[in-house]
> 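Shown below is the structure under consideration.
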Amino acid sequence: MTIKEIKEELKTANHPIAKSLHHGTGFKVLVMGFLKGMVLKEHKAHTVSKLTVLEGAVIYKEEDRVLKLKQYEEVDIPLEITHSVEAMEDSLCILSQGE
């Protein structure tokens, strides 16, 4: 029910919503929901991570590159590089972390 919960919370949210979908020793999988225009502010990944767009479209920005990601597209997020994510439309993403 995680994805349904995120979609329900987004109805009244003013920031992205993230919830754990699955986790274990050394890894976790998060689902993140965005309304159009919401931004996940600049931060760094401290573990190996991959962002996959399930619904919608987002802009992934890091120091020297900007990628527009649409449904089912993904990006590997490098370690210790400042990056952000902005929703071009209402979006759902999966963030997998760990090896």
Side-chain angles (χ1 to χ4, degrees):
M1 298 306 236
T2 304
I3 292 173
K4 285 183 179 182
E5 290 172 8
I6 289 171
K7 285 190 168 200
E8 188 62 32
E9 286 184 34
L10 278 172
K11 291 178 182 177
T12 58
N14 56 10
H15 57 79
I17 303 292
K19 292 191 178 288
S20 176
L21 184 66
H22 188 63
H23 64 277
T25 305
F27 80 95
K28 65 181 165 180
V29 179
L30 301 172
V31 176
M32 298 189 308
F34 298 83
L35 294 177
K36 181 178 180 177
M38 283 184 173
V39 176
L40 182 62
K41 65 182 182 177
E42 289 188 338
H43 61 284
K44 294 182 180 182
H46 306 297
T47 59
V48 174
S49 302
K50 178 178 282 199
L51 180 71
T52 305
V53 179
L54 292 179
E55 294 178 4
V58 300
I59 299 171
Y60 169 84
K61 298 177 186 177
E62 42 175 77
E63 295 170 348
D64 294 326
R65 71 176 174 160
V66 175
L67 300 173
K68 292 181 180 179
L69 302 173
K70 298 176 187 165
Q71 188 174 33
Y72 308 133
E73 294 181 332
E74 60 194 38
V75 63
D76 289 318
I77 300 172
L79 292 172
E80 304 303 329
I81 298 294
T82 301
H83 63 280
S84 64
V85 179
E86 180 178 351
M88 295 188 293
E89 55 190 73
D90 294 355
S91 302
L92 276 177
C93 299
I94 286 185
L95 180 68
S96 54
Q97 297 179 314
E99 296 185 52

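Excluded from the calculations below are hydrogen atoms, water molecules and symmetry mates; all remaining heavy atoms, backbone and side chain alike, are included. Positions are given from 1, in the same order as the sequence printed here.
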> Quick check: is Leu67 connected to Phe34 through a chain of hydrophobic side chains (ILVMFWY, heavy atoms under 4.5 Å apart)?
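Phe34 and Leu67: one cluster.
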
> Under 4.5 Å between side-chain heavy atoms, hopping through other hydrophobics if needed: is there a path connecting Val29 to Leu69?
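They do share one cluster, since a chain of ILVMFWY contacts under 4.5 Å joins Val29 to Leu69.
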
> Looking only at heavy atoms, what is the nearest atom pair of Ile6 and Val31, with distance?
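The answer is CD1-O, 3.3 Å.
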
> Let me confirm one number: the CD-OH distance from Glu55 to Tyr72, rounded to the nearest 0.5 Å.
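Interatomic distance, Glu55 CD to Tyr72 OH, rounded to 0.5 Å: 8.0 Å.
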
> Could you tell me the separation between the OG1 atom of Thr2 and the CG atom of Leu30, rounded to the nearest 0.5 Å?
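Here the interatomic distance stands at 10.5 Å.
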
> Please say yes or no: joined through hydrophobic side-chain contacts below 4.5 Å, possibly via intermediate residues, are Ile77 and Leu21 part of one cluster?
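Yes, Ile77 and Leu21 fall within the same hydrophobic cluster.
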
> Is the shortest heavy-atom distance from the side chain of Arg65 to the side chain of Tyr60 under 4.5 Å?
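Yes, close enough: below the 4.5 Å cut-off.
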
> Hey, does Thr82 have a side-chain heavy atom less than 4.5 Å from the side chain of Glu63?
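Yes, close enough: below the 4.5 Å cut-off.
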
> Can you measure from CD1 (Ile81) to CD (Glu62) and round to the nearest 0.5 angstrom?
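Spacing of CD1 (Ile81) from CD (Glu62) equals 6.5 Å.
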
> Would you say the side chain of Pro16 lies within less than 4.5 Å of the side chain of Met38, judging by non-hydrogen atoms?
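Yes - at least one pair of side-chain heavy atoms lies under 4.5 Å apart.
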
> Under a 4.5 Å cut-off applied to non-hydrogen side-chain atoms, are Val58 and Leu40 in contact?
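Val58 vs Leu40: side chains apart.
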
> So which heavy atom on Pro78 is nearest to which on Ala45, and how close?
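Looking at all heavy atoms of both residues, the shortest contact is O-CB, 4.1 Å.
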
> What pairs of residues pass the salt bridge (Lys or Arg N to Asp or Glu O under 4.0 Å) test when at least one of them lies in residues 67-77, not counting sequence neighbours?
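Sorted pair list: Lys50-Glu74, Lys50-Asp76.
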
> Is the side chain of Ser49 donor-acceptor paired with the backbone N or O of Gln97 at a distance under 3.5 Å, no angle test?
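No, because the side chain of Ser49 does not come within donor-acceptor range (under 3.5 Å) of the backbone of Gln97.
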
> Quick check: does any side chain N or O of His43 sit under 3.5 Å from a backbone N or O of Lys41, one acting as donor and the other as acceptor?
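Yes; judged by distance alone, with no hydrogens or angles, the pair exists.
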
> Can you tell me how far the OG atom of Ser96 sits from the NZ atom of Lys28, to the nearest 0.5 Å?
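Nearest 0.5 Å value for the OG-NZ distance: 12.0 Å.
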
> Which Ile, Leu, Val, Met, Phe, Trp or Tyr residues join Met1 in one cluster when any pair of side-chain heavy atoms under 4.5 Å counts as a link?
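Its cluster mates, by chain and number: none.
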
> Just by distance, with hydrogens left out, do His83 and Glu42 show a side-chain donor and acceptor under 3.5 Å apart?
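Note: His83 and Glu42 side chains miss the donor-acceptor criterion.
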
> Search all heavy atoms of Leu35 against all heavy atoms of Leu10 and return the closest pair with its distance.
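Of all heavy-atom pairs spanning Leu35 and Leu10, the closest is CD1-O, 3.2 Å.
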
> If Ile, Leu, Val, Met, Phe, Trp and Tyr residues are connected whenever their side-chain heavy atoms lie under 4.5 Å apart, and connections chain through other members, are Met88 and Ile94 in the same group?
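They do not share one cluster, since no chain of ILVMFWY contacts under 4.5 Å joins Met88 to Ile94.
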
> Evaluate the side-chain proximity of Leu51 to Met32: yes if any heavy-atom separation is below 4.5 Å, no if none is.
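Met32 vs Leu51: side chains touch.
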
